[in-house]
Visitor: 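One structure is given below, represented as structure tokens, and several questions about it will come after.
In this chain, residues are counted from 1 in sequence order. Worth saying up front: this structure is predicted, and the values here are computed from it rather than measured. Every heavy atom of this structure was used, including side-chain atoms; hydrogens, water molecules and symmetry mates were not.
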Amino acid sequence: MKKIALASLLALLSLNMMALSKSKLRDYARFISDRMAYELDLTPMQYDDCYEINYDFLYSVNPIMDDVVLGYIDAIDRYYDYLDYRNEDLRHVLTARQYERFLDIEYFFRPIYTNSSGWQLRVYNVYTNHSFFYFDRPSIYFTYSGGHSRIHFSAGYYLNRYDVALRYRAMVNIRALDKFRDHRRMDFGANIRPRTQAPRPNYYPNANQQHRTSDPRYRNERPNRNSPQINNRNQPAPPPPAPRTGGGGVVRSGRR
């Protein structure tokens with residue numbers, strides 16, 4: 001019994017050390033934004049804004065994810081509050097067509113799930129090379145630190161930043177969806193509990209997390225039409241041409 005208790009204690013301690021550093025948050029936000037840019041054909045401006053939104057979401061949920069992993073219902077409810085903020089901000093940034101596709105892609109719409117190791121991004125199971133990126137870093141990758149988050153803009157910084165006529169019309173509240181209980185089970189397991197119950201890791205087996213959609217739109221062969229714009233904008237300007245000087249070595253055509 002002592003060995004079992006010790007093993008449980010060590011498991012809880014290991015799960016309580018999962019808070020991410022800011023550099024790791026930037027990596028996570030960049031990775032999911034890079035794949036969103038690739039699959040949804042984001043423009044450079046949309047790419048930057050999606051990075052900001054994903055960064056703010058990850059930064060907000062980072063302190064509560066230990067409790068989410070342990071199945072505390074108040075932490076899970078708070079997580080879905082932050083997820084609704086994130087998805088609402090994305091609704092203002094994406095076109096209706098892009099947002100409809102976003103809603104159909106589980107690893108974008110509900111990006112985090114828990115397993116026996118803690119929590120991770122679903123998109124990491126789809127794109128398994130985590131050091132490969134389709135695009136350059138967002139232009140604000142090193143400078144953005146939450147200035148457009150809901151803490152500063154309660155109604156959303158991105159509300160009127162894009163053409164309202166192109167926006168997806170319906171509000172999306174994940175807890176109001178008919179399948180919310182199924183979504184919560186797939187995200188965080190069945191073993192939810194109030195604070196009065198003893199904590200234990202939520203080892204719900206998420207068997208479907210490794211399966212990637214067979215939809216040909218989401219295969220690696222499909223290029224993003226905005227790729228040159230996104231990739232070229234962060235490149236340093238080419239050096240100016242060297243001034244011409246007279247003398248030998250200059251080959252001229254035609255008659256002198």
Side-chain angles (χ1 to χ4, degrees), residues 8 11-12 14-20 25 28-29 31-33 35-36 39-40 50 53-91 94 99-127 149-150 156 168 170-213 215 218:
S8 300
L12 289 175
S14 65
L15 286 170
N16 283 327
M17 297 175 64
M18 293 185 298
L20 302 180
L25 287 173
Y28 275 28
F31 194 91
I32 191 170
S33 302
R35 271 39 179 189
M36 288 175 66
E39 295 198 17
L40 303 179
C50 284
I53 293 167
N54 285 320
Y55 177 90
D56 289 338
F57 166 69
L58 292 168
Y59 183 85
S60 297
V61 302
N62 192 32
I64 65 171
M65 287 312 298
D66 290 346
D67 288 344
V68 170
V69 171
L70 295 174
Y72 287 129
I73 187 62
D74 61 306
I76 292 174
D77 285 344
R78 191 60 180 148
Y79 167 86
Y80 285 116
D81 287 338
Y82 289 130
L83 184 61
D84 278 339
Y85 293 152
R86 177 246 188 187
N87 292 343
E88 182 182 352
D89 282 341
L90 288 173
R91 186 174 68 89
L94 303 178
Y99 200 77
E100 286 172 353
R101 287 163 58 187
F102 164 81
L103 294 175
D104 287 338
I105 303 172
E106 184 183 58
Y107 50 85
F108 290 157
F109 179 45
R110 298 187 352 264
I112 291 176
Y113 77 101
T114 60
N115 59 16
S116 59
S117 300
W119 66 273
Q120 64 176 304
L121 297 179
R122 278 192 169 94
V123 71
Y124 274 0
N125 295 328
V126 178
Y127 296 95
S149 68
R150 287 302 184 99
Y168 186 83
M171 294 287 290
V172 177
N173 183 327
I174 194 165
R175 277 185 289 183
L177 299 177
D178 293 338
K179 294 184 177 181
F180 171 64
R181 289 183 181 274
D182 293 335
H183 290 332
R184 187 178 64 189
R185 179 186 293 266
M186 292 179 66
D187 293 343
F188 305 126
N191 300 319
I192 61 174
R193 60 188 63 81
R195 294 281 176 178
T196 54
Q197 294 183 7
R200 60 188 178 91
N202 212 355
Y203 284 2
Y204 180 74
N206 241 321
N208 293 324
Q209 295 307 320
Q210 300 297 333
H211 297 325
R212 183 172 182 178
T213 177
D215 190 325
Y218 309 137

Visitor: Do you know the tightest heavy-atom contact between R184 and Y80?
Guide: CA-OH, 3.3 Å
Visitor: Under the rule for side chain to side chain contact (heavy atoms under 4.5 Å, CB included), what residues qualify as partners of R150, not counting sequence neighbours?
Guide: Y85, E88, D89
Visitor: Check the pair L94, R101 against side chain to side chain contact (heavy atoms under 4.5 Å, CB included), reporting the backbone distance first and the verdict last.
Guide: CA-CA 10 Å; L94 303 178; R101 287 163 58 187; over 6 Å; no
Visitor: Could you go step by step and tell me if R91 and D84 meet the salt bridge (Lys or Arg N to Asp or Glu O under 4.0 Å) rule?
Guide: CA-CA 10 Å; R91 186 174 68 89; D84 278 339; over 6 Å; no
Visitor: Under 6.0 Å from the six-membered ring centre of Y82 and within 45° of its axis: does the NZ or CZ of R86 meet both?
Guide: no
Visitor: Counting only heavy atoms not in R181, do more than 12 sit closer than 6.0 Å to its CZ atom?
Guide: no
Visitor: Under 6.0 Å between ring centres: does that hold for Y28 and Y124?
Guide: yes
Visitor: How about F188 and Y79: are their ring centroids closer than 6.0 Å?
Guide: yes
Visitor: Return the set of residues passing side-chain hydrogen bond (donor to acceptor under 3.5 Å, both in side chains) with Q120 (not counting sequence neighbours), or none when no residue passes.
Guide: Y113
Visitor: How about Y99 and F109: are their ring centres within less than 6.0 Å of each other?
Guide: no
Visitor: What's the spacing between I73 CD1 and D67 CG if we round to 0.5 Å?
Guide: 12.0 Å
Visitor: With a 4.5 Å cut-off on side-chain heavy atoms, are V123 and F31 touching?
Guide: yes
